[in-house]
Amino acid sequence: MSEGELDITRIRNMGFAAHIDAGKTTVTERVLFYTGKIHRMGEVDEGSATTDWMIQEKERGITIQSAATTTYWREHRINIIDTPGHVDFTIEVERSLRVLDGLVVIFSAVEGVEPQSETVWHQADRYRVPRIAFINKLDRMGADPLRVVEQMKNRLTIPPLVVQLPIGLESEFVGVRDLVNRKKYYWDIDEVGWEFRTEELELSGEDLNYYEEMILTLADFEPQILEEYEEKGYVEPALLKKAIREAVIERKLVPVLMGSALKNKGIQPLLDAIVDYLPSPADLPPVEGVDPLTGEKIYRKPLDSEPFSGLVFKVQVDSESKKELFYVRVYSGRVRVNQKILNTTTGEEQRPVRIYLMHANRKNALREAKAGDIVAFVGLKNTLTGHTLSDKDKPILFEGLTYPEPVVSIAVEPRSSQDQDKLDEALRLLMEEDPSLKVRQDEETGQTILSGMGELQLEIITDRLNREFKVPVRAGKPQVTYRETILREVTVEAEETKEIGGSRHYGKVKVTVRPRERGKGNAYTIAVELPPDYEEIVVDTIKEMFDFGPLMGYPLVDVEITLDALYFTADTTPLGVHLALRKALMEAFQKAEAVLLEPVVEVAVIVPGEFLGNVVGDLKARGGELRGIDQATDRLQEVRALVPLRKMFGYATHLRSLTQGRASFWMRLAHFQPVDRKEMEDIF
């Protein structure tokens, strides 16, 4: 089918997401193979997976950047984004979910619902993304897919609907029993799994129980199902698929499929489910935005005839040309190469000089992109992740993206001072690629400080600087990025006078600072009428003061500042007000019982029972607060604890020595908590 003939109802914009090592990239690789997109299956462990194209991904056997690719199945185009499973790269998942219409969440049949799986699930809830589930690794020792289904019921927000059951488990896993089609699928013809055979499924025993449970559940969405079952003793697959599709799009159910991607079993039915159950762009409500001129809500339908609109959800530096690729989800209309469009976020006109359909890091040039497409533009200027692109005569502004605050920092410096400019330019490009990366100059040491979401992310950045950007750098040890806040409300009045160049600058203000609920962020209020030239200086000063806390100079969080009064005299000037406001706020923060906050991470360790005591004792020695110990599998325990992040550096290596390399762990930022005064002396 040619691109021109493709109806938007035959497009699926979907992604694969999971906890690290659940088999997400392996599933993607099999999907590309069975749809004919690639002719040899790559393997993650060999560094040959199609979507893990970065050298750092090949070496570590993990996904770092979300990769976009396109393939076809049953005359449908499937635009796929394979997302990372490691918590350090959660921003990649976040921005992918912002533009996807559907998601396949992959669970390991051994490890079950793991922490990052839950994180991804809740991210998908926030963006209202319909999803289906695939329980992978049914060939592995200890595989128990029905235990995973129970975990889904207990831990996740949308109830699972079992539509497949396994034929055998572990080394005897050969196929699945498909309840919807009443078929048995066997992958025992060849090792590649290209061909499979089917048998009729007789509904009895466990199969009948799960079939009737499916019927009763789906009858809520399609009453005819119950009538047909009572009349025939079964329901036609087409009617069941119609009801499942409706339930998935409404996010009322998550159909659960099963298989083993590594053993090439279960992928073709998963592809059928993507086509049958996940929505096309036309199945979803019109996308909401605002008119940038009036601020009124406006909508765009996913039609070629609508004005063009799209969202930039990812910026990537092309490894060959070093030009920036701007990944765009086109929500409405059409856009041609070299057509004038508007970056609504900045107000600047743009021209995409190239439009590409991406296959990981390979590009297929297009003449135009249209509603429903996920493509990459080349040639845009001053454009960043989260920016809206639209028809220049009918602009619309979409909601952008929010990014988590960094919690770990390292100092980097070029090995040669002559490379400083090259380092600055490389870091500028890397920040445009990854909005969770922050860069600043340390005023005391002159060093460049990189801040990000974790050790691994910063390790990858420094590796890319050395190899990809050819800027040799030295990196310091990781350091925690602290915050400061205040504990009580204080009101202060202050005035300041300064003579500069024979002119007198005077200002007098009254301000109140008060703590906000933890996690609410900063806010400010100007409770007096101000001339425009004074309002700008007041706002800039307040924002500047949020950046430097009174204790150690770390950024302030969860603080509200109110300008209660500004006293005008003949000598009052904007500079005088700026100086008075700085003085008042510094005094207010000092009086408001400022405290240092440190990041605390939730840690989950999967460990064999014989090493449980070692792990628990070590976490307690690190200042950890034990939150629970659960039975993960017959042989493995899951330990959950809250631990200060500063005590978790190098934990991966230490855990290997504690458990003879047989444990795995995961951690994510839980919250910031005050640092005890005695602890502050130890830290600093």
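All values below were derived from every heavy atom in this structure, side-chain atoms included, with hydrogens, water molecules and symmetry-related copies excluded.
Distance alone, capped at 3.5 Å, is enough to place a donor-acceptor pair between the Q339 side chain and the R336 backbone. Looking only at distances, a side-chain donor or acceptor of R488 sits under 3.5 Å from a matching main-chain atom of K591. A donor-acceptor pair is defined here as one N or O able to donate and one able to accept, closer than 3.5 Å; no such pair exists between the side chain of H122 and the backbone of T119. Distance alone, capped at 3.5 Å, places no donor-acceptor pair between the T562 side chain and the D564 backbone. Side-chain N or O atoms of Q350 include one that pairs as donor or acceptor with a backbone N or O of K381 at under 3.5 Å. Between the side chain of R329 and the backbone N or O of G310 there is no donor-acceptor pair closer than 3.5 Å. A donor-acceptor pair is defined here as one N or O able to donate and one able to accept, closer than 3.5 Å; such a pair exists between the side chain of E484 and the backbone of G553. Between the side chain of R516 and the main chain of G521, a donor-acceptor pair closer than 3.5 Å is present.
Distance check, rounded to the nearest 0.5 Å: CE of M552 to OH of Y482 gives 9.0 Å. Annotation: the span from L380 atom CG to E349 atom CD amounts to 13.0 Å, rounded to 0.5 Å. To the nearest 0.5 angstrom, L551 atom CG is 8.5 Å from L556 atom CG. Atom CD of E493 and atom OG1 of T491 lie 10.0 Å apart (nearest 0.5 Å). Interatomic distance, R98 CZ to T385 OG1, rounded to the nearest 0.5 Å: 12.0 Å. Here the straight-line distance linking atom CD1 of I461 with atom CZ of F469 works out to 8.5 Å at 0.5 Å rounding.
The local environment of CZ in R128 is sparse, with at most 12 non-hydrogen atoms from other residues, nucleotides or ligands closer than 6.0 Å. Atom CD of E348 has more than 12 neighbouring heavy atoms from other residues, nucleotides or ligands inside a 6.0 Å radius. The environment of K394 atom NZ is sparse: at most 12 non-hydrogen atoms of other residues, nucleotides or ligands sit within 6.0 angstrom. By the 6.0 Å contact criterion, CZ on R354 is open, its count of non-hydrogen atoms from other residues, nucleotides or ligands being 12 or less. No more than 12 heavy atoms of other residues, nucleotides or ligands shown are found within 6.0 angstrom of CD on E536. Crowding of M431 atom CE: a count of heavy atoms from other residues, nucleotides or ligands under 6.0 Å exceeding 12. The number of heavy atoms from other shown groups lying within 6.0 Å of CZ (R514) is above 12.
A heavy-atom distance below 4.5 Å is not found between the side chains of L566 and K510. Proximity of P307 to K392: side-chain heavy atoms (C-beta onward) are nowhere separated by under 4.5 Å. Proximity of T388 to N343: side-chain heavy atoms (C-beta onward) are nowhere separated by under 4.5 Å. The closest side-chain heavy-atom distance from T448 to L427 is below 4.5 Å. The side-chain heavy atoms of P352 and V335, taken from C-beta on, include a pair separated by under 4.5 Å. Using a 4.5 Å heavy-atom cutoff, the side chains of F313 and I374 are in contact. At least one side-chain heavy atom of L642 sits under 4.5 Å from a side-chain heavy atom of H671. In this structure the side chain of D434 reaches within 4.5 angstrom of the side chain of Q457, judged on heavy atoms.
Of all heavy-atom pairs between T344 and P395, the closest is CG2-CB, 4.1 Å. Residue T462 comes nearest to A475 through the heavy atom pair CG2-CB, 4.1 Å, listed as atom of the first residue, atom of the second, then distance. Minimum interatomic distance between V330 and A369 (heavy atoms only, all atoms of both residues): CG2-CB, 4.1 Å. In this structure, L669 and P599 approach most closely via the heavy-atom pair CD1-CB, 3.6 Å. A pairwise comparison of heavy atoms in R518 and D558 identifies CD-OD2, 3.2 Å as the closest pair. Nearest approach of G624 to V643, heavy atoms of both residues: CA-CG2, 3.8 Å.
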Inset, instruction - Check the pair V287 / Y299 against side-chain contact (heavy atoms from CB on, under 4.5 Å), numbers first and verdict last. - result: CA-CA 6 Å; V287 65; Y299 298 88; over 6 Å; no
Inset, instruction - Determine, stepwise, if the pair L423 / V473 fulfils side-chain contact (heavy atoms from CB on, under 4.5 Å). - result: CA-CA 8 Å; L423 175 62; V473 294; 3.9 Å; yes
Inset, instruction - Could you go through the side-chain contact (heavy atoms from CB on, under 4.5 Å) check for I341 and D391 one step at a time? - result: CA-CA 5 Å; I341 57 176; D391 185 301; over 6 Å; no
Legend entry - Intermediate values then yes/no, salt bridge (charged side-chain N to carboxylate O under 4.0 Å, His left out), D424 and R428: CA-CA 6 Å; D424 292 342; R428 182 188 69 79; over 6 Å; no
Inset, instruction - Let me see the working for F308 and Y331 under ring-ring contact (aromatic ring centres under 6.0 Å, His included), right down to the final yes or no. - result: CA-CA 8 Å; F308 163 70; Y331 284 109; over 10 Å; no
Inset, instruction - With salt bridge (charged side-chain N to carboxylate O under 4.0 Å, His left out) as the test, would you mind laying out the steps for E306 and K301 before giving the verdict? - result: CA-CA 7 Å; E306 288 268 296; K301 296 177 183 176; 5.8 Å; no
Inset, instruction - Tell me, with the steps shown, if Y651 and L619 meet side-chain contact (heavy atoms from CB on, under 4.5 Å). - result: CA-CA 10 Å; Y651 185 66; L619 288 172; 3.7 Å; yes
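Ion pairing of R467 with D463 is present here, as a side-chain N (NZ or NE/NH1/NH2) and a carboxylate O approach within less than 4.0 Å.
Checked against the 6.0 Å centroid threshold, F568 and Y534 count as a close aromatic pair. Ring pair Y356/F377: centre-to-centre distance not below 6.0 Å.
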For residues 496-509, tabulate all N or O donor-acceptor pairs below 3.5 Å that involve a side-chain atom, not counting sequence neighbours.
residue : atom : partner : partner atom : Å
R504    : NH1  : D571    : OD2          : 2.2
H505    : ND1  : T573    : OG1          : 2.9
Y506    : OH   : E495    : OE1          : 2.5

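For the residue pair S390 / S309, no side-chain donor-acceptor distance below 3.5 Å is found, with atom types taken as modelled.
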